[in-house]
Amino acid sequence: MYECGENVSLVDTLVKIGTERLGVSASEVNDLKLHLENNVGAKDVMKEIQTGRRRYQIQGVPFFVIGAVDGETSLGQPYGFSGAQDSSTFADIFEELAGNLA
């Protein structure tokens with residue numbers, strides 16, 4: 001729940017991060033706060049979680065899905081894998097995907 005010593009489960013913390021680090025403008029702060037306080041989009045998030053569980057058998061975090069895309073079109077079967085991975089795992093997958101595009 002903590003990132004850089006800040007409790008990211010708190011609305012005020014998320015708004016602060018949005019304004020200080022992500023470029024949320026002062027005019028957008030009230031809308032962002034209302035959005036977070038009222039769980040706007042919660043149903044969509046749960047739907048995405050269920051889709052991930054079904055499609056990729058996601059059962060825990062971290063979980064990575066990596067695939068090549070061209071705009072909105074998937075190019076081949078994506079890779080899905082769970083758990084902490086060495087950077088070489090990602091490099092190997094990226095190299096393989098790049099080779100498939102050539």
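Note that the structure is a prediction, hence the values are computed from the model and not measured.
- Residue pairs meeting the salt bridge (Lys or Arg N to Asp or Glu O under 4.0 Å) criterion with at least one member in residues 24-34, sequence neighbours excluded: Asp12-Lys33.
- Phe64 pairs by the ring-ring contact (aromatic ring centres under 6.0 Å, His included) definition with Phe81, Phe90, not counting sequence neighbours.
- Summarising the geometry, atom CD belonging to Glu6 is positioned 4.0 Å from atom NZ belonging to Lys16; distances are rounded to the nearest 0.5 Å.
- Side-chain contact between Leu97 and Tyr79: present, with at least one pair of heavy atoms (C-beta onward) separated by less than 4.5 Å.
- Interatomic distance, CD of Glu96 versus CD1 of Ile66, reported as 11.5 Å (0.5 Å rounding).
- Proximity of a side-chain donor or acceptor of Thr89 to a complementary backbone N or O of Gln85 within less than 3.5 Å is not detected.
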task: Apply side-chain contact (heavy atoms from CB on, under 4.5 Å) to the pair Val15 and Val29, showing each step before the final yes or no.
output: CA-CA 7 Å; Val15 171; Val29 167; 3.7 Å; yes

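- Taking CG of Leu14 as the start and CG of Leu32 as the end, the distance is 7.5 Å to the nearest 0.5 Å.
- How far OG1 of Thr13 is from CG of Asn7: 6.0 Å, rounded to the nearest 0.5 Å.
- For the atom pair Phe63 CZ and Ile58 CD1, the distance stands at 4.5 Å (nearest 0.5 Å).
- Taking all atoms of both residues into account, the shortest heavy-atom contact from Pro62 to Ala84 is CG-N, 4.0 Å.
- Ile17 and Val11 fall within a single hydrophobic cluster, where Ile, Leu, Val, Met, Phe, Trp and Tyr are joined by side-chain heavy atoms under 4.5 Å apart, directly or via other members.
- Here CG of Leu36 is found 11.5 Å from OG of Ser9. Values are rounded to the nearest 0.5 Å.
- No salt bridge links Glu48 with Arg54; every basic N to acidic carboxylate O contact stays at or beyond 4.0 Å.
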